[in-house]
Amino acid sequence: LVTGVLLDGGQIDAMLPYVAVVPLVFASIMPWRPWIPAFLGLLGAGLTAVVGARHGLAPEVLELRALLCVALGLVGAFLDQARRRLLVDLANEGQQLASAREAETQQTRRLRTILAVNPVTVYTCEAAEPFAATFIAHNVETTFGFGPSSFLDDPGFWASRIHPDDAPAVFEGLAALFELGRHAHEYRWRASDGRWVWVYDQLVLLRDEQGQPLEIIGTWMDITERKLVERAVEASEKRLQATLAAVPDTVLRLKTDGA
């Protein structure tokens, strides 16, 4: 509009086709908001014709300046349309991103819940001594009384609490992990309250593309009750064997009818 006022001169009759026809075209192909810049450009072209006619400018100059006004209006219309489309696209992308984040959050919460109620503790550690933990599920605190930070902040925390009688066999047995890719062993581990907890430890070795050891994924399970039962059975068998050993060699046979 300002451009149309500043550009002066010409014959208004030569400008009527632009003023009358072009607004109808843009009004039919664009929403009402985007064609406002085009309408303002055409209005500027009309004002250019009026002012130019009063100053007696040549029709060629008038037409060129009017076309400039129309072009500016068209550019403004397309820019406005592009801006609106960009805003719509950004809004859609924002909604998709929010939905994806919400789904990821729900999956994370579900995974944490599963790990929390699972009697098995999942962990990962480095594939080299002292086999420092890189991740451990929160349910480790329920079984052993130590939170994940105790394992993650101290690289030697796990190894330092293995029973002294079991430690040599534990570390010697890990050689099978690097040879076969899998290993399982049982040993005693000291909990926060000082008691020895029997654990069943299963390990899987991950390797990189070059075949080098990358990381260990493992599961811990408290098998203390099973060990107590096994020890009770062993003790019972030993008592039975001792009792049989004390019985004289003569054994009486009794018939089922009591004769």
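Keep in mind that this is a model prediction, so the values were computed, not measured.
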Undergrad: Hey, what do you get for OG1 (Thr224) to CZ (Arg188), rounding to the nearest 0.5 Å?
TA: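 One finds 11.0 Å between OG1 of Thr224 and CZ of Arg188.
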Undergrad: Taking Ser160 for its side chain and Gly156 for its backbone only, find out whether a donor-acceptor pair lies under 3.5 Å.
TA: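 Indeed, once roles are kept as given, a pair shorter than 3.5 Å links the two residues.
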Undergrad: Can you confirm whether His185 sits close enough to Asp166 that some side-chain heavy atom of one is under 4.5 Å from a side-chain heavy atom of the other?
TA: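 Heavy-atom side-chain distance check fails, nothing below 4.5 Å.
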Undergrad: In sequence, state the C-alpha distance, the side-chain angles, and the governing distance for Phe144 and Arg161, and then conclude on side-chain contact (heavy atoms from CB on, under 4.5 Å).
TA: CA-CA 11 Å; Phe144 302 100; Arg161 302 187 73 83; over 6 Å; no
Undergrad: Measuring from atom OG1 of Thr124 to atom CZ of Phe135, what distance do you get when rounded to the nearest 0.5 angstrom?
TA: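 Here the interatomic distance stands at 7.0 Å.
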Undergrad: Could you go through the side-chain contact (heavy atoms from CB on, under 4.5 Å) check for Thr121 and Thr219 one step at a time?
TA: CA-CA 5 Å; Thr121 299; Thr219 57; over 6 Å; no
Undergrad: Yes or no on side-chain contact (heavy atoms from CB on, under 4.5 Å) for Leu206 and Ile217, after CA distance, side-chain angles and deciding distance?
TA: CA-CA 8 Å; Leu206 299 181; Ile217 299 178; 3.4 Å; yes
Undergrad: Can you name the residues that form a side chain to side chain contact (heavy atoms under 4.5 Å, CB included) with Ala191, not counting sequence neighbours?
TA: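 So Ala191 forms a side chain to side chain contact (heavy atoms under 4.5 Å, CB included) with Asp193, Arg195, Val197.
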Undergrad: Test your reading of the model: is there a side-chain donor-acceptor pair from Asn92 to the backbone of Val88, 3.5 Å cut-off?
TA: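 Yes; judged by distance alone, with no hydrogens or angles, the pair exists.
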Undergrad: Would you call the rings of Trp196 and His163 parallel, tilted or perpendicular if under 30° counts as parallel and over 60° as perpendicular?
TA: tilted
Undergrad: Is it the case that the side chain of His183 and the backbone of Gly173 share a donor-acceptor pair, with hydrogens and angles ignored and the cut-off at 3.5 Å?
TA: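 Pair found, side chain donor or acceptor close to backbone of Gly173.
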Undergrad: Do Leu174 and Ile162 sit in one hydrophobic cluster, given that two such residues count as connected whenever their side-chain heavy atoms are within less than 4.5 Å of each other, even indirectly?
TA: yes
Undergrad: Taking atom types as modelled and ignoring hydrogens, do the side chains of Glu215 and Thr134 form a donor-acceptor contact shorter than 3.5 angstrom?
TA: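 Thr134 and Glu215 do have a side-chain donor-acceptor pair below 3.5 Å.
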Undergrad: CE/Met221 to OG1/Thr143 distance, rounded to the nearest 0.5 angstrom?
TA: 10.0 Å
Undergrad: Determine whether the aromatic ring centres of residues Trp220 and Trp189 are separated by less than 6.0 angstrom.
TA: yes
Undergrad: Should Phe178 and Leu205 count as side-chain neighbours, where that means a heavy-atom distance under 4.5 Å?
TA: yes
Undergrad: If every non-hydrogen atom of Gly145 is compared with every non-hydrogen atom of Ser192, which pair is closest and at what distance?
TA: CA-OG, 3.3 Å
Undergrad: Between Trp198 and Asp222, which heavy-atom pair has the shortest distance, and what is it?
TA: O-OD1, 3.3 Å
Undergrad: Looking at Asp208 and Gly211, would you say the former's side chain and the latter's main chain have a donor-acceptor pair under 3.5 Å?
TA: yes
Undergrad: Going by ring-ring contact (aromatic ring centres under 6.0 Å, His included), Phe151 matches just one of Phe157, Trp158, Tyr123. Which one?
TA: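 Passing option: Phe157.
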Undergrad: Please say whether more than 12 non-hydrogen atoms of neighbouring residues, nucleotides or ligands are located less than 6.0 Å from CZ in Arg207.
TA: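 Above 12, so yes.
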Undergrad: Nearest 0.5 Å please: distance from the OH atom of Tyr200 over to the NZ atom of Lys227.
TA: 11.0 Å
Undergrad: Give the intermediate values and the outcome of side-chain contact (heavy atoms from CB on, under 4.5 Å) for residues Glu186 and Ile223.
TA: CA-CA 9 Å; Glu186 299 175 357; Ile223 58 171; 3.7 Å; yes
Undergrad: Is there a path of hydrophobic side-chain contacts, each under 4.5 Å between heavy atoms of I/L/V/M/F/W/Y residues, joining Leu177 to Val122?
TA: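 No, Val122 and Leu177 fall in different hydrophobic clusters.
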Undergrad: Can you tell me how far apart SG (Cys125) and CD1 (Ile136) are? Round to the nearest 0.5 Å.
TA: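 Result: 9.5 Å between the selected atoms.
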Undergrad: Can you tell me how far CG of Leu180 sits from CG of Leu203, rounded to the nearest 0.5 angstrom?
TA: 12.5 Å
